[in-house]
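Side chains are part of it too, since the values below use all heavy atoms of this structure and drop only hydrogens, waters and symmetry mates.
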Amino acid sequence: MRPALAASLLALTAALLTGCGQRQSAPAETPPPAGVNTPLSQEPIDAVPLKDAPVAPPKPKTEAKAEPKPEAAPEAPAVTPVGEPGSCLAEIGEARSKRLVERCIAVSPATRPPCNSANPCAMIQGEIDRSCAMYGPDETKPKECGG
C-alpha cells in the first residue's frame with residue numbers, strides 16, 4: 001500500500017473515532033402544552049395506593065316501577081313429538097324416523113350428514129342412497145344399505 005494512502009486512511013479513521021467519542025448535549029425538552037398527556041416513562045413507580053380512594057356518589061334511583069314477572073308456566077305434560085311440518089318426524093312418526101336416521105348415520109361418510117329427523121325423509125333417504133351407491137360391485141355394502 002502506498003504510504004500517502006495509508007496515512008490518509010489513518011487520519012480519516014482517527015477523525016471518525018474522535019467524533020464518536022464526543023458527548024453531545026441532550027436536546028432541551030420543552031414542556032408539553034396544558035391539557036396534553038405526557039408519555040409514560042419506563043422508570044418504576046413507587047406509589048402507595050390510596051386507602052380512602054374517592055368514590056363517585058351513587059346514582060339516584062328512578063321511581064320506575066318494575067312490572068311483576070309472571071310465574072313460570074308449569075311443565076307441560078309429556079307428549080309424543082310431532083316435529084315441524086315437513087320434517088321426517090312429522091311425516092312418518094318418531095319410531096320410523098329414528099330408524100331412518102340411524103341407517104343414515106351408519107352409512108354416511110359425510111362429516112355433517114343430513115341425518116336428522118328435523119329434515120325431510122326424502123333428504124335422509126337420499127343421503128342413504130348416495131352413500132350406498134359409493135360402494136363398488138366387489139365391495140360388501142353395510143346391512144343398512146338393504147342388500
Contact summary for I128 and C104, nearest pair of heavy atoms
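Smallest interatomic distance, heavy atoms only, reads CG1-CA, 3.5 Å.
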I need the [X] [atom1] to [Y] [atom2] distance, nearest 0.5 Å.
{"X": "C88", "Y": "N119", "atom1": "SG", "atom2": "CG", "answer": "9.0 Å"}
{"X": "S108", "Y": "I124", "atom1": "OG", "atom2": "CD1", "answer": "11.5 Å"}
{"X": "E102", "Y": "S117", "atom1": "CD", "atom2": "OG", "answer": "11.0 Å"}
{"X": "E127", "Y": "C132", "atom1": "CD", "atom2": "SG", "answer": "9.5 Å"}

When you look at CZ of R96, are more than 12 heavy atoms from neighbouring residues, nucleotides or ligands closer to it than 6.0 Å?
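Open: at most 12 neighbouring heavy atoms sit under 6.0 Å from CZ of R96.
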Residues which pass side chain to side chain donor-acceptor pair (under 3.5 Å) with N116, listed by chain and number, not counting sequence neighbours:
none
Do the side chain of S97 and the main chain of E94 share a donor and acceptor less than 3.5 angstrom apart?
yes
Measuring only between side-chain heavy atoms, which start at C-beta, is R103 closer than 4.5 Å to Q125?
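Contact flag for R103/Q125 side chains = yes.
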Cluster check I92, L89: I/L/V/M/F/W/Y, side chain < 4.5 angstrom:
no
